[in-house]
Amino acid sequence: MIDLKLLQKDFENVSKKLQRKGVSAELIAELKAKNEALKEAKQAYETLQAAQNAMSKEFGVYKREGKDISELKARVDENKVKVAQAIEVQRQAQEALEELAMAIPNMPDDSVPDGEDEDDNVELKKVLIPREFDFTPKEHWELAEQNGWIDFERGVKLATSRFSVGFGMGARLERALINFMLDFNRERDFAEVSVPQLVNADALKGTGQLPKFEDDLYKTQDGLYLIPTAEVPVTNLYQDEILKAEDLPQKMTAYTSCFRKEAGAAGRDTRGMIRQHQFHKVELVAITHPDESEKIFDEMVACASDMLTALELPHRLVNLCTGDLGFGAAYTTDIEVWLPGQNTYREISSISNTREFQARRAKIRFKNGKKNEFVHTLNGSSLAVGRTMVAIMENFQNEDGTIDIPKVLHPYLGI
RNA sequence: GGACAGUUGGCCGAGUGGUCGAAGGCGCUCGCCUGGAACGCGAGUAUGGGGCAACCCAUCGAGGGUUCGAAUCCCUCAUUGUCCA
């Protein structure tokens with residue numbers, strides 16, 4: 001959630017920044033008006049309630065002294081009606097404000113380039129030079145089927161489209177990658193955590209998936225949701241807590257399955273395992289002191305990029321433009337891996353600094369001296385496991401369709 | 001699934017209708033004491049919101065109700081423990 005105090009104090013600036021993110025000026029003005037309306041309603045209620053409380057105290061005195069209370073009770077009863085009305089006004093103002101505020105995205109950092117969509121993202125750097133093929137490289141689904149690694153049809157049989165089944169090396173490689181990634185991250189001081197893969201609505205509100213993106217989530221009959229990313233349970237570990245300054249930063253890594261309806265992606269990446277309803281991902285999450293978040297962001301980007309380098313996978317870093325930036329992010333670096341079969345770079349990791357945006361929603365604070373302040377939260381994939389498999393298949397393929405395994409994974413596969 | 005018992009501040013723990021945002025203890029902070037420390041003594045020590053401030057509002061697992069007034073009574077839910085199936 002954006003800082004409503006800042007909105008009041010520096011309306012022009014906040015408005016300008018949010019408009020870069022596509023929020024209309026009218027909506028921002030409305031947010032300010034609703035915030036002011038709530039403040040007014042609160043003050044009205046509190047004044048009446050203070051009177052009510054004072055009279056109630058008097059009541060005790062009257063009773064003790066055996067005085068006649070009928071006149072006092074009449075006054076109190078009269079005020080009570082007003083209090084009830086004021087509460088209702090405040091409740092409505094609160095609801096109206098929250099509904100609006102929760103649907104407003106984070107302000108993009110000044111460093112975020114303007115742009116419509118992914119075509120306007122700015123390349124920061126390339127790492128490793130893609131290999132030259134002396135044959136036409138195949139796409140991963142062909143290789144996956146040829147090697148018997150992935151069975152797409154049986155995935156559909158068991159569930160529906162966008163599900164797949166791993167067999168043999170297809171299954172083993174997945175597990176090897178997960179272990180490799182977790183070990184790699186742990187060596188860089190990201191502590192491993194194992195978290196629930198179903199969460200409640202509060203957790204999803206905390207990280208920003210709810211209320212706006214409910215359509216993309218699988219929901220159970222008990223009101224729990226399957227997580228779309230480990231970012232949700234890991235970040236919310238500290239929901240509604242006040243951390244000690246010396247406990248920061250909290251750097252964590254977690255492996256989970258991720259579940260997404262991909263509601264807005266009809267027709268995109270329908271073949272292969274680029275865009276599945278269920279996929280595996282190793283995630284990095286950091287909870288930091290505000291002064292430290294940019295430094296740790298760089299660490300996270302380096303961690304994911306170095307992991308790809310260790311896997312010998314060519315990739316590039318791009319700075320997301322305003323149009324491609326996620327709801328909660330102040331700025332994001334995507335890492336795109338080279339896919340020779342598709343002859344293009346595709347996203348394999350996305351690292352974001354949300355600054356206070358999630359911390360304010362999830363009420364994650366720390367003691368800064370005497371004062372409680374919001375932490376900064378960051379998250380990033382390192383890496384999406386399925387897409388890493390895709391990248392390995394396409395980059396390590398031989399002319400006969402066999403696939404080599406990156407050296408760094410050999411110990412994990414007993415080769 | 002059923003029965004019973006819990007859920008109070010950083011922690012432990014008292015509190016069954018008003019002076020309770022909450023005794024007492026531990027911990028922590030500051031001061032005194034000391035060559036320095038321990039001990040001892042004194043003061044302070046929840047969170048959010050509003051106000052320059054005095055101060056005001058809210059919060060005792062969550063939500064609702066009774067009442068002029070609820071940590072305390074009633075209802076629902078969550079959760080923990082123990083026992084039963």
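Each chain gets a letter, A, B and so on, in the order its sequence line appears, and its residues count up from 1. Since the structure is predicted, the reported quantities are computational estimates derived from the model, not experimental observations.
- Taking atom NZ on A:K57 and atom C1' on B:G17, their separation rounds to 15 Å, with Å as the unit.
- When heavy atoms are screened at a 4.0 angstrom cut-off, A:K42 is found touching the sugar-phosphate backbone but no base atom.
- When distances are taken from the side chain of A:R365 to each of B:C68, B:G48, B:C56, the shortest belongs to B:G48.
- Panel note: side chain A:N379, backbone A:V285; no donor-acceptor pair is recorded below 3.5 Å.
- Distance A:D240 CG to B:G9 P: 13 Å, rounded to the nearest Å.
- In this entry the distance linking CG of A:L97 with C1' of B:G50 reads 15 Å, nearest Å.
- Taking atom P in both B:C26 and B:G44, one finds a spacing of 16 Å when rounded to whole Å.
- Across all strands shown, A:N79 has no heavy atoms under 4.0 Å from either base or sugar-phosphate atoms.
- Closest to the A:S56 side chain, of the nucleotides B:U47, B:G50, B:G69, is B:G69.
- Rounded to whole angstrom, the span from the CZ atom of A:F366 across to the P atom of B:G48 amounts to 12 Å.
- Nucleotides B:U76 and B:A85 place their C1' atoms 25 Å apart, quoted to the nearest Å.
- A donor-acceptor pair is defined here as one N or O able to donate and one able to accept, closer than 3.5 Å; such a pair exists between the side chain of A:D120 and the backbone of A:E116.
- Within the structure, a side-chain polar atom (N or O) of A:K39 is placed less than 4.0 Å from OP1 or OP2 of B:G51.
- B:G49 atom P lies 10 Å from atom CG of A:D3, rounded to whole Å.
- Using the Watson-Crick or G-U wobble rule with both distances under 3.5 Å, B:A37 pairs with nothing in any strand shown.
- The separation of B:A54 from B:G6, taken at their P atoms, amounts to 41 Å, rounded to a whole angstrom.
- Looking at which nucleotide of RNA chain B each of A:K80 and A:G60 is closest to, the 5′-most match is held by A:G60.
- Remark: A:D3 does not engage A:K9 in a salt bridge, criterion side-chain N to carboxylate O under 4.0 Å.
- Pairing of B:G44, defined by two Watson-Crick or G-U wobble distances under 3.5 Å, is identified with B:C28.
- At B:C68, one or more side-chain N or O atoms of A:K73 fall inside 4.0 Å of OP1 or OP2 (strictly under the cut-off).
- Formation of a donor-acceptor pair under 3.5 Å by the A:S305 side chain with backbone atoms of A:V301 is not found in this model.
- A:K5 comes within 4.0 angstrom of sugar-phosphate atoms only, judged by non-hydrogen atoms across all strands, and of no base.
- A:H280 and A:Y255 have tilted rings, their planes meeting at an angle from 30° to 60° on a 0 to 90° scale.
- A sub-4.0 Å separation between OP1 or OP2 of B:A58 and a side-chain N or O of A:N53 is present.
- Phosphate proximity of B:G10 to A:K367: absent, as no side-chain N or O sits under 4.0 Å from OP1 or OP2.
- Rounded to whole Å, the separation between the P atoms of B:C74 and B:U7 comes to 14 Å.
- Closest contact between the side chain of A:F59 and the listed nucleotides B:G51, B:C68, B:C56 involves B:C68.
- For B:A5 and B:A23, the C1' atoms lie 24 Å apart once the distance is rounded to whole Å.
- The aromatic rings of A:Y218 and A:F259 sit perpendicular to each other, their planes meeting at more than 60°, with 30° as the lower class boundary.
- To the nearest whole angstrom, the two C1' atoms, one in B:U29 and one in B:G10, are 13 Å apart.
- When the P atom is used for both B:G13 and B:C20, the distance is 23 Å, rounded to whole Å.
- In this structure, the CD atom of A:E246 is 11 Å from the P atom of B:U29, given to the nearest Å.
- Closest to the side chain of A:N372, out of B:C68, B:C56, B:U47, is B:U47.
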| message | Applying side chain to side chain donor-acceptor pair (under 3.5 Å) to A:K281 and A:T256, what does each step give before you reach the verdict? | response | CA-CA 6 Å; A:K281 185 155 62 73; A:T256 67; over 6 Å; no
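- Nucleotides B:C4 and B:C77 place their P atoms 14 Å apart, quoted to the nearest Å.
- In this structure, B:C68 and B:G18 make a Watson-Crick or G-U wobble pair, each of the two defining distances being under 3.5 angstrom.
- Pair assignment for B:A78 gives B:U7, based on Watson-Crick or G-U wobble hydrogen-bonding distances that are each under 3.5 Å.
- Atom CD in A:E46 sits roughly 16 Å away from atom P in B:C55 (whole-Å rounding).
- A residue-by-residue look at A:Q49 and A:Q52 shows that A:Q49 has its nearest nucleotide of RNA chain B further toward the 5' end.
- Between the CG atom of A:D77 and the P atom of B:U67 there is a distance of 10 Å, rounded to whole Å.
- Here the side chain of A:Y45 is nearest to one of B:C68, B:G51, B:A58, namely B:A58.
- The partner of B:C83, taking Watson-Crick or G-U wobble pairs whose two distances both stay under 3.5 Å, is B:G2.
- Residues A:R355 and A:E294 are paired through a salt bridge, judged by an N-O separation under 4.0 Å between the basic side chain and the carboxylate.
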